[in-house]
Student: 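One structure, pasted below without further comment.
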Amino acid sequence: MGLINRIIQSIEVTHEPNLTLTEQLITNDDLLPVEPEKRTWRGYNYVAFWMADMFNINMWVIVSSMIQLGMSWWQAWICVWLGYGIATPFLVLNARPGAVFHVTFPIVNRTSFGMFGSLWCVFNRAAMACIWYGVQASIGGSCVLVMLRAMWPSINDLTNSMPASSGTDTRDYLCFFLFWLISLPVIWFPVHKVRHFFLAIPILMPIASITFLIWCIVKAHGIGPIIHQPSKLHGSKLGWAMVVSSMSCIANKVTLVTNAPDFASRAHTPSAALYPQLFTFPLTASFVCLIGILVSSSSQAIYGTAIWSPMQLLGNFLNDNPSNATRFGVWFISASFMIAQIGTNISANSVSAGCDLTALFPRFINFRRGGYIAATVGLAMCPWNIMKNSNEFTSYLSAYTVFMSSIAGVMVTEYYVIRKGHYNVKDLYNTEKGSWYWYTYGINFRAYAAYIAGILINVVGFAGATGRTVPLAATRIYDLSFFTGFGVSALVYWALNLVFPVVGAADKFEEIDVSEYECEAKSSRGVEEMDIDMKDVGSETASEK
């Protein structure tokens, strides 16, 4: 037993001595409110963050499915504006508690689902982060392939030594592994410092994207036929196609809407996480998608068919003995996409996984270890096999929109409607009966009833999405799954709180940490000595009013 205890102690993260087992289950240094010296994210950092997240290949090609449905380019572009424009307020609303009280998504989630009830929500988000890490790394491997082809064309003829059962070949796996390896050093940096990496992408990617666009227009002697292609849909078919397409844009970012407090917790002031996100999120999405439309339209004039993947199009530029100038241009653009793809994986996946896995296993995992676990899972899951059947993967993502939107509905209602901005920071780390977030044995059953209600309203429609025959009304409800999941969970949670009021429900909206006044009565062992500058939280909030 002594040896086992020594092994366990050797893999534990740093924590205060003499903590009870319960205390080790709910906190470590990375779960505490962010110290003032680590609140380093200013407005321009959030601009860079969203540009890093939006400039990726998924965003580039998202309109392709809309145009293939029969919409014109401008109708598809309107869907992008609608989808990301609608998602933006929800993102900002959910980020606010993190920006004001400097706590991450798992801790914010405790306020609504309970100290232990939050673990299921956190697990769901962690699972998505790990899966998406692998998927984005697989896409990043295609960038590395084009880069290597531009430098060493012979890489394209690399002998395959992998069996057919692997689902890939030596060349593609090598490129995937290289991208995965290159990404690892960035995970090492803590959240308050990784902001420096994101600052490179707003400079690099607009230059690369506009260069790519001009290059394609020159080669095509124009912007191509897609721009002049009329819509094939009319009336209600067009309307619902636009609804579904707009919802697909929301689904693409619903995970980031849910865990918005993770990065907002590093905000220098609450307003730093407000206005920059409010404008950058939809503007960057629309810009990236517009460039993708124009480049793909030009590709149709060049090759006779629209090529939506920028890496496939750049790969075509390398065919038939390209000049050195062409090879350098392809290398520069693909290298820029690779760096942007790393930024996307860090911003959307590794940091999220780090926060969530830390909350699930605070005794053994911190943010850095959680990020590397996500990278390990992304490597082991063979993501290229998931992406081979895009229809199944799309259905899976749509189903997760329901889960995530129901969680977000409860969280937003809790903060703005039930407790109206009132927080009890010390009780976020308190498992004593009677504390604000203990509820019933650490679980808020009001939140779970609302969460399940938000899922149930979409269940029949989801069955239809998997190929079963269901009523048209159920399909339409599922088409609006973000709104139905969010709305139903929010309404049910509000109603249950009217019938069964919670401790700390407020009548007036005021963003304040009440534990500043109740620290003697509401403290728990180990939490009393937390270095939380309560006056700083209160004065910072007041300065925003």
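Predicted model only: the values in this text are computed from it and were never measured. Values reported hereafter were calculated over all heavy atoms of this structure, with side chains retained and with hydrogens, waters and symmetry mates removed.
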Student: Looking at every heavy atom in both Tyr429 and Pro33, which two are closest together, and how far apart are they?
Tutor: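 Shortest heavy-atom contact: OH-CD, 3.0 Å.
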
Student: Which class fits the ring pair Tyr415 and Tyr423: parallel under 30°, tilted 30 to 60°, perpendicular over 60°?
Tutor: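 Ring orientation of Tyr415 relative to Tyr423: perpendicular.
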
Student: Could you walk me through whether Asn259 and Ser352 pass the side chain to side chain donor-acceptor pair (under 3.5 Å) test, one step at a time?
Tutor: CA-CA 7 Å; Asn259 74 287; Ser352 301; 2.9 Å; yes

Student: Kindly indicate whether the side chain of Phe55, heavy atoms from C-beta on, has any atom under 4.5 Å from the side chain of Phe337.
Tutor: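 Of all side-chain heavy-atom pairs linking Phe337 with Phe55, none is under 4.5 Å.
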
Student: So does Ile365 get a backbone contact from the side chain of Asn28, meaning a donor-acceptor N/O pair under 3.5 Å?
Tutor: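 Side chain of Asn28 to backbone of Ile365: a pair is present.
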
Student: Is there a side-chain contact between Arg39 and His102, using heavy atoms and a 4.5 Å cut-off?
Tutor: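 Yes - at least one pair of side-chain heavy atoms lies under 4.5 Å apart.
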
Student: Please determine which of Leu119, Thr104, Ile407 meets the side-chain contact (heavy atoms from CB on, under 4.5 Å) test together with Asn109.
Tutor: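 Of the listed options, the one satisfying the test is Ile407.
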
Student: Are any of the side-chain heavy atoms of Val503 and Tyr437 separated by less than 4.5 Å?
Tutor: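 Answer no - side chains too far apart.
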
Student: Does any part of the side chain of Asp479, heavy atoms only, come nearer than 4.5 Å to the side chain of Trp240, both counted from C-beta?
Tutor: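 In contact.
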
Student: Working to the nearest 0.5 angstrom, can you tell me the gap between Trp50 CH2 and Asn45 CG?
Tutor: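 Reported value, rounded in 0.5 Å steps: 14.0 Å.
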
Student: Which heavy atom of His422 sits nearest to which heavy atom of Trp436, and what is that distance?
Tutor: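 For His422 and Trp436, the tightest heavy-atom pair comes out as O-CZ3, 3.7 Å.
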
Student: Less than 4.5 Å apart, side chain to side chain, heavy atoms only: is that true for Ile26 and Arg110?
Tutor: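 Yes, their side chains come closer than 4.5 Å.
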
Student: Within the side chain of Ser112, is there an N or O that forms a donor-acceptor pair under 3.5 Å with the backbone of Val410?
Tutor: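 No.
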
Student: Is the shortest side-chain heavy-atom distance between Tyr46 and Thr280 below 4.5 Å?
Tutor: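 No, every pair of side-chain atoms sits at 4.5 Å or beyond.
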
Student: Do Lys38 and Arg266 have side-chain heavy atoms sitting under 4.5 Å apart?
Tutor: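 SC-SC contact between Lys38 and Arg266 ruled out.
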
Student: Taking side chain as C-beta onward, heavy atoms only, is Ile62 less than 4.5 Å from Tyr84?
Tutor: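 They are in contact (side-chain heavy atoms under 4.5 Å apart), so the answer is yes.
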
Student: Any chance you could measure Ser246, atom OG, to Leu480, atom CG, to the nearest 0.5 Å?
Tutor: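 The CG atom of Leu480 is 10.0 Å from OG of Ser246, to the nearest 0.5 Å.
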
Student: Under the criterion side-chain contact (heavy atoms from CB on, under 4.5 Å), which of Ile418, Thr111, Leu496 is the partner of Val502?
Tutor: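 Testing Val502 for a side-chain contact (heavy atoms from CB on, under 4.5 Å) against Ile418, Thr111, Leu496 leaves exactly one candidate, Ile418.
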
Student: Any idea which heavy atoms bring Phe263 and Ile346 closest together, and the distance?
Tutor: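 Looks like CZ-O, 4.4 Å.
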
Student: What is the ring orientation for Trp188 with Tyr372, classed by angle as parallel under 30°, tilted 30 to 60°, or perpendicular over 60°?
Tutor: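 Answer is tilted, since the angle falls between 30° and 60°.
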
Student: At their closest point, which heavy atom of Lys426 faces which heavy atom of Ser515, and how far apart are they?
Tutor: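 What the structure gives for the nearest pair is N-OG, 3.6 Å.
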
Student: Given Phe116, which partner from the list Tyr441, Trp438, Tyr439 fulfils the ring pair (Phe, Tyr, Trp, His ring centres under 6.0 Å) test?
Tutor: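 It is Trp438, the one option of Tyr441, Trp438, Tyr439 that forms the ring pair (Phe, Tyr, Trp, His ring centres under 6.0 Å) with Phe116.
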
